[in-house]
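All chains are named by letter (A, B, ...) in the order of the sequence lines, taking the proteins before the strands, and each is independently numbered beginning at 1.
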2 protein chains.
Amino acid sequence: MLTMLMTSTTSSGEIPLEARTLAERVFQQLQDAIVRGELPAGSKITEPGLAQAYGISRGPLREAMRRLEAHRLIEREPHVGARVVKLSMRELLELFDMREALESMAARLAARHMTVEEVQALRDVLVAHEEQGDLDQAEAYYQREGDLDFHYLIVRGSHNRMLMTTLCDDLYYLVRLYRTQYSARGGRPQRAFIEHHRIVDAIASGDEELAEQLMRRHVIAARQTVAERYAMSLDDDRELPGGNRKALSRRPPSV
Amino acid sequence: MLTMLMTSTTSSGEIPLEARTLAERVFQQLQDAIVRGELPAGSKITEPGLAQAYGISRGPLREAMRRLEAHRLIEREPHVGARVVKLSMRELLELFDMREALESMAARLAARHMTVEEVQALRDVLVAHEEQGDLDQAEAYYQREGDLDFHYLIVRGSHNRMLMTTLCDDLYYLVRLYRTQYSARGGRPQRAFIEHHRIVDAIASGDEELAEQLMRRHVIAARQTVAERYAMSLDDDRELPGGNRKALSRRPPSV
DNA sequence: GTTTCCCTGATTGTTGACAATGCTCATGAC
DNA sequence: GTCATGAGCATTGTCAACAATCAGGGAAAC
């Protein structure tokens, strides 16, 4: 399963199987718990509670929280407390704008720098997606993770460390958080597959301009899907006042 | 003086005149000390030393250091220590790629969202630059800060909070660090002024495409200047082996 | 002379206790 | 019934001491 690519790729790129320090370990655990929805978006975090839950003292915990804060996964207010970040629709769309800018640049750099082995790995991921997609539509969640693997590999293919850390260590965690927050999984997969293939082809042929442009459109399309569905959900609410809010999670967007 | 715009614009946008907590205050102080070169790039940081220097205990200091680490201003190794980040030329060029992606997006969004008041403020900054530039070339440092003010205002004009924090709270501090690290100030000012004016005009007329494209070229030009000068400095070193390495700081680039 | 090992000192990691701040809820005035 | 007030409590901020780890230097072995 390629999904393990997702687990924290620090700037140096290695995957720390066992964190050297408590603060490091609890940081990763909290990051995971937030992204997986164990700590719900918007829920309040109390230091004594977490410290007891993870069996550590407040010192390392606070350091971990400071890192989470810098990664925008929690929000703190001095002397008051911290809570898990809750993405508003506006912030989610802002996130897509940033992805458009950074991932299109990543695709351009990937077309310039990726090795043949890296391109092949990318193709393998695509094939894995499609086979999995055929298998079972209910497994859409893993497919979604796999989709991020695709973007992940392209970012790494840019060979730009700063871009990698910004996207992989910061933005992508927020993207995953959005999925759990809005119960968003799967969606427009067939179209996304086609787009993915075209992007890989552009990268493989070293066409920087095309790779950038295709990735840009790919992200824009995903953004638009989110925006449209949000507007639809508002209409639904108007028709069914005070009720059914499931529209947001019914047909979630891709990528 | 507009330079005060630079001092830490947290996500909410307000400027914390007096930090509510020790960790917060020492974080800002350290951030400043690093960017201003008081703590030289690459120098080792020891917790007892800093704690004594700032008159606090190691607890809040460590939290501040965690934040600095997340902002990429220091690098830590578990059980060993921390040192101020030292930008290699490769990383510096990577930084420019990110700026190209993000700032061109910011310019596009600014053209879409900026109010007439914000555009006017932007024009005022430009005028202030030029007057200051005429006054004294030795004051280039402040002019440089002013130049960042220009970019700063555009980013804020994007009305995209995530973009603002990423650029203003993360990248721009690294840009300033690069200036002190390579003693880089001023450079190609007249050309930059022209480009700045064109960008503002495009934003004022609401031409998103043009604003984006002009900003992209502006950043690319700056990147190219840096790259060329670096290549030149390497040539110089070949001609003067083991000696004069000042070439890097002799004619530093502009934005 | 070189290498290896161990010891010492210093630094980092962690903890529990104390101080300061903010929130909650009950009480009372209007 | 509503709103202001204040005490009590929980939570956050800070500190100093203890444990674990690493870097450097000197002595011994080859």
Side-chain angles (χ1 to χ4, degrees), chain A residues 8 10-12 14 16-31 33-34 39-40 42-86, chain B residues 8 10-12 14 16-31 33-34 39-40 42-86:
Chain A
S8 177
T10 54
S11 48
S12 33
E14 79 279 11
L17 289 179
E18 181 152 2
R20 302 279 315 272
T21 163
L22 276 185
E24 176 75 15
R25 187 160 69 228
V26 77
F27 168 73
Q28 292 174 213
Q29 287 176 327
L30 281 175
Q31 197 176 33
I34 291 174
L39 291 175
S43 65
K44 182 162 185 183
I45 283 181
T46 124
E47 293 178 9
L50 276 191
Q52 195 178 1
Y54 287 93
I56 62 173
S57 80
R58 283 175 52 220
L61 176 69
R62 282 173 64 90
E63 293 182 26
M65 288 175 66
R66 275 287 160 41
R67 294 184 57 185
L68 289 173
E69 182 191 11
H71 286 282
R72 293 204 254 283
L73 284 176
I74 69 175
E75 288 171 345
R76 299 185 124 237
E77 199 173 348
H79 298 287
V80 175
R83 46 184 63 244
V84 179
V85 71
K86 188 168 189 171
Chain B
S8 177
T10 54
S11 49
S12 33
E14 79 278 12
L17 288 180
E18 182 154 1
R20 303 279 317 269
T21 164
L22 276 185
E24 176 75 15
R25 188 160 69 226
V26 78
F27 167 72
Q28 292 175 212
Q29 288 176 326
L30 282 174
Q31 199 176 31
I34 291 174
L39 291 175
S43 65
K44 181 161 186 183
I45 283 181
T46 125
E47 293 178 10
L50 276 191
Q52 194 177 1
Y54 287 93
I56 63 173
S57 80
R58 284 175 51 219
L61 176 69
R62 282 173 65 90
E63 293 182 25
M65 288 175 66
R66 287 292 190 192
R67 294 185 58 187
L68 289 172
E69 182 191 11
H71 285 281
R72 293 206 253 284
L73 284 177
I74 68 175
E75 288 171 345
R76 299 186 123 234
E77 200 173 347
H79 298 288
V80 175
R83 46 183 64 244
V84 179
V85 71
K86 189 168 188 168

message: Expected output is a numbered-order residue list: members of residues 76-84 of chain A with a heavy atom under 4.0 Å from any atom of DNA chain D. What is it?
response: A/R76, A/P78, A/H79, A/V80, A/G81
message: Quick check on contacts: within residues 51-62 of chain A, what sits under 4.0 Å from DNA chain D by heavy-atom distance?
response: A/R58, A/R62
query: With a non-hydrogen cut-off below 4.0 angstrom, is A/I45 in contact with a base, only sugar-phosphate, or nothing?
result: sugar-phosphate
query: Would a distance-only check, ignoring hydrogens and angles, find a side-chain to backbone donor-acceptor pair under 3.5 Å from B/R76 to B/A82?
result: no
- prompt: Any side-chain heavy-atom pair from A/R72 and A/V85 closer than 4.5 angstrom?
  reply: no
message: On a heavy-atom basis, which atom in B/P60 and which in B/L22 lie closest, and how many Å separate them?
response: CB-CB, 4.2 Å
query: Can you list every pair that meets side-chain hydrogen bond (donor to acceptor under 3.5 Å, both in side chains) and has a residue in residues 55-64 of chain A, with sequence neighbours left out?
result: A/E47-A/R58, A/E47-A/R62, A/R62-B/E63, A/E63-B/R62, A/E63-B/R66
- request: Considering only heavy atoms of chain B and a distance under 4.0 Å, specify the first and last nucleotide of DNA chain C in 5' to 3' order that meet this criterion.
  value: C/dT12 to C/dG22
- prompt: By side-chain contact (heavy atoms from CB on, under 4.5 Å), which residues pair with B/Q29, not counting sequence neighbours?
  reply: B/R25, B/V26, B/Y54
- prompt: Between B/R67 and B/E24, is there a side-chain N and carboxylate O pair less than 4.0 Å apart?
  reply: yes
query: Under a criterion of less than 4.0 angstrom to any heavy atom of chain A, what are the 5'-terminal and 3'-terminal contacting nucleotides of DNA chain D?
result: D/dT12 to D/dC22
- request: Starting at CG of B/L30, measure out to CD1 of B/I74 and round the result to the nearest 0.5 Å.
  value: 8.0 Å
